[in-house]
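By convention in this document, chain letters (A, B, ...) are assigned in the order of the sequence lines, proteins followed by strands, and residues within each chain are numbered from 1.
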Amino acid sequence: MLVEEQREPGSDMVVEIENEQDLALATMRHSTAHLMAEAVREIYPDVKFAIGPAIDNGFYYDMDLDHALTPEDLAEIELLMGRHREAAEPFVRTEVSREEALKIFADNPYKVEILRELPAGSVITTYQQGDFLDLCKGPHVADTGQIGAFKLQSVAGAYWRGDERRPMLQRIYGTAWPTQDELDQYLHRLEEAQRRDHRKLGKELDLFSVNDEIGPGLILWHPRGAMIRYQVEQFEQKEQLARGYDLVYTPHIASEKIYQTSGHLETYKENMYSPMSIDEVDYYVKPMNCPGHIMIYKSQVRSYRELPVRLAELGTVYRYERSGTLHGMLRVRGFTQDDAHIFCREDQMIDEIAGVIDLAIYMADVFGYQFQAYLATRPEKWIGDDATWDRAIEGLRRGLEQAGVDYKLDEGGGAFYGPKIDIKWVDALGREWTGPTVQLDFNLPQRFDVNYIGEDGEKHRAVMIHRTLLGSMERFVGGLVEHYAAAFPVWLAPIQLALIPITDDQLPFCQQVAADAEAAGLRVKVFDQKERMQAKIRDAQMLKIPYMLVVGKREVEAGAVAVRLRSGQDLGAIPVDQFLTGVIARVESRSLELTDEVL
RNA sequence: GCCCACGUAGCUCAGUCGGUAGAGCACUUUCUUGGUAAGAAAGAGGUCCCCGGUUCAAGUCCGGGCGUGGGCUCCA
């Protein structure tokens, strides 16, 4: 395993270090954090620094400061940083005893707390550049002149030690790169990400909204967004049926009895909404689909012959998420999971796991994502016994190998009730998204006594696998919007064809083509408003409609359409039949591209 | 929930020192029938997020609430 996570007091590098280059970059970024601290202290001598690690793409420093920092302050700090960089101040490393260090940093409660946690005899290092001295394990670059191009990005609040009961500190985020060119490229990537923001595009293309009066974190799917979701759902459901899953539906509310048995009222209550009383029994809106699926499994005595039982549901759940955590479609309070639970014998476990992974890879391929798998092992708090955990982790490992997937270990990242595989999708911008998860559960089968009758005529505990492929429809479609920058492949595009008559004389022909296309199952919009053709093309372009079919006198006479792609490419006139046949083929093959020799 | 910022027409945003509101797009009507990213004119459209306070006077200042955004924590 190459992943190494360093969490050193006072000099964290909260970042994956996989090679020398990563280390050099992280070192430079961490030094930039010190450079920033030097500048901040020059302006605000009373500042007390907490920790300032390197992170992905940059660094931050947490500080206790009475003055509330503004973006204007950041510009001033940057300016000072530039001067200290030009001065090429050497980073001087000094070893001191813990007692000496406690004296040096006596007026900084954060550094003192860090020091107190270190063993009494340990050797402490400090680094000084200019007249700024900091407690720090290092390493650092030789002098501030070695620091590349940087930019301070934002001020945010952050709890000391990430603990909401501790003081709220101010955190300055920055980014740093070896060269100005790389910095510019990074800033450009950030702009691109903003341009693709699903909240912005969702509004522009009329895909979804949230509404104050409906409530925060609750998504209203508009017709075009709903069409994308519908296509995704139909595709996935059919694929699951083909792979031996059975579809089920379970109620949105359930009595408290089931959540007592499942343990959710003990361990998950803070995420559940207040109950409603029906005939003097408390009913909860479901936060998870598992209990319902378990009751379906348990509705009859199961023989080893009928396993595995794979129950799938697009299950809508509601969870209380704290207001500050809500984010567009990516973090919401009500969402629909593409959930499934597989009940099987232990000897079927590896095949089932491999089967889920195979399906997950297929989904990634269809939507054009790269992916990275993680195997999450036993956390500090856990239930069950060693042997079961070992067999389960081995099962997941062999499932991954059988599916031929490379993976990284996420040591201790499993749930208390079982280990899991997480697959992260890597989108067009190289960002990771929550993707499929395959989770083994030792807890619920025991609580609900989930079993089957074996060949020996005895009861055996069934293995229970939770799995989701897309996660939730909200998060998945939100992610898709950003992945494709809302330029959806034809099979997903809410509107696939724009019919654009040049004058009203071509309107009847356009309406006929539209009717033919719709009869063939395509989604069409005729641009019949009283506007010039250029304006209609612009409208269609803004909606990112894959194919714009311009029809003038020449096309009507030829029984053709002039095909313009949303890329701006002009394919010229194509006979209507030939064009429709080509598009239908692309829809059926779920092609990610709009053209090839067929069109 | 916590820290910071923000909330003005359907959308994107102006609004100076406190003197009761503006643009572009979209919408409606009229004119225009135009060959690959916006033809022209007119009209309509407002609880300036909500509640309270200061003031002769509040979109503007102050307090509280709600919502949104950037983070912390958490997560599908």
Query raised in the report: Is there a Watson-Crick or G-U wobble partner for B/G19 with both distances under 3.5 Å, and which nucleotide is it?
Result: B/C56
Requested in this report: Counting Watson-Crick and G-U wobble pairs only, both distances under 3.5 Å, name the nucleotide matched with B/C25, or none.
Outcome: B/G10
Report task. Name the nucleic acid region contacted by A/Gly162, choosing base, sugar-phosphate or nothing; use a 4.0 angstrom heavy-atom cut-off, strictly under. Result -> sugar-phosphate
Query raised in the report: Between A/Ser323 and B/G1, does any side-chain N or O lie under 4.0 Å from OP1 or OP2?
Result: yes
Query raised in the report: Using a cut-off of 4.0 Å on non-hydrogen atoms, how would the nucleic acid contact of A/Gly471 be classed: base, sugar-phosphate, or nothing?
Result: sugar-phosphate
Report task. Determine the interatomic distance between C1' on B/U16 and the same-named atom on B/A21; round to the nearest Å. Result -> 15 Å
Query raised in the report: In the strands shown, is B/A40 matched to any nucleotide by a Watson-Crick or G-U wobble pair with both distances under 3.5 Å, and which?
Result: B/U30
Query raised in the report: Looking at A/Arg199, does any N or O in its side chain come under 4.0 Å of the phosphate oxygens OP1/OP2 on B/G70?
Result: yes
Query raised in the report: Which part of the nucleic acid does A/Glu204 contact within heavy-atom distance under 4.0 Å: base, sugar-phosphate only, or nothing?
Result: nothing
Report task. Scan A/Lys203 against the nucleic acid and name what it touches under 4.0 Å (heavy atoms): base, sugar-phosphate only, or nothing. Result -> sugar-phosphate
Query raised in the report: Going by ring centres under 5.5 Å and near-parallel planes (under 30°), is A/Tyr173 stacked on B/G71?
Result: no
Query raised in the report: Which value, in whole Å, describes the distance between the P atoms of nucleotides B/U36 and B/G70?
Result: 41 Å
Report task. Quote, to the nearest angstrom, the P distance that separates B/A23 from B/U30. Result -> 24 Å
Query raised in the report: Are a donor atom and an acceptor atom from the side chains of A/Thr437 and A/Asp422 found within less than 3.5 Å of each other?
Result: no
Query - Watson-Crick or G-U wobble partner of B/A76, both distances under 3.5 Å - result: none
Query raised in the report: How would you label the contact of A/Gly572 with the nucleic acid (heavy atoms, under 4.0 Å): base, sugar-phosphate, or nothing?
Result: nothing
**Report entry** Out of B/A76, B/G35, B/G34, whichever nucleotide has its closest atom nearest the side chain of A/Arg532
**Finding:** B/G34
Query raised in the report: Using atom P of each nucleotide, how far apart are B/G34 and B/U29 to the nearest Å?
Result: 23 Å
Query - Gap in Å between the two C1' atoms, one belonging to B/G19 and one to B/G15, rounded - result: 14 Å
Query raised in the report: Touch check for A/Arg171, heavy atoms < 4.0 angstrom, all strands: base, sugar-phosphate only, or nothing?
Result: sugar-phosphate
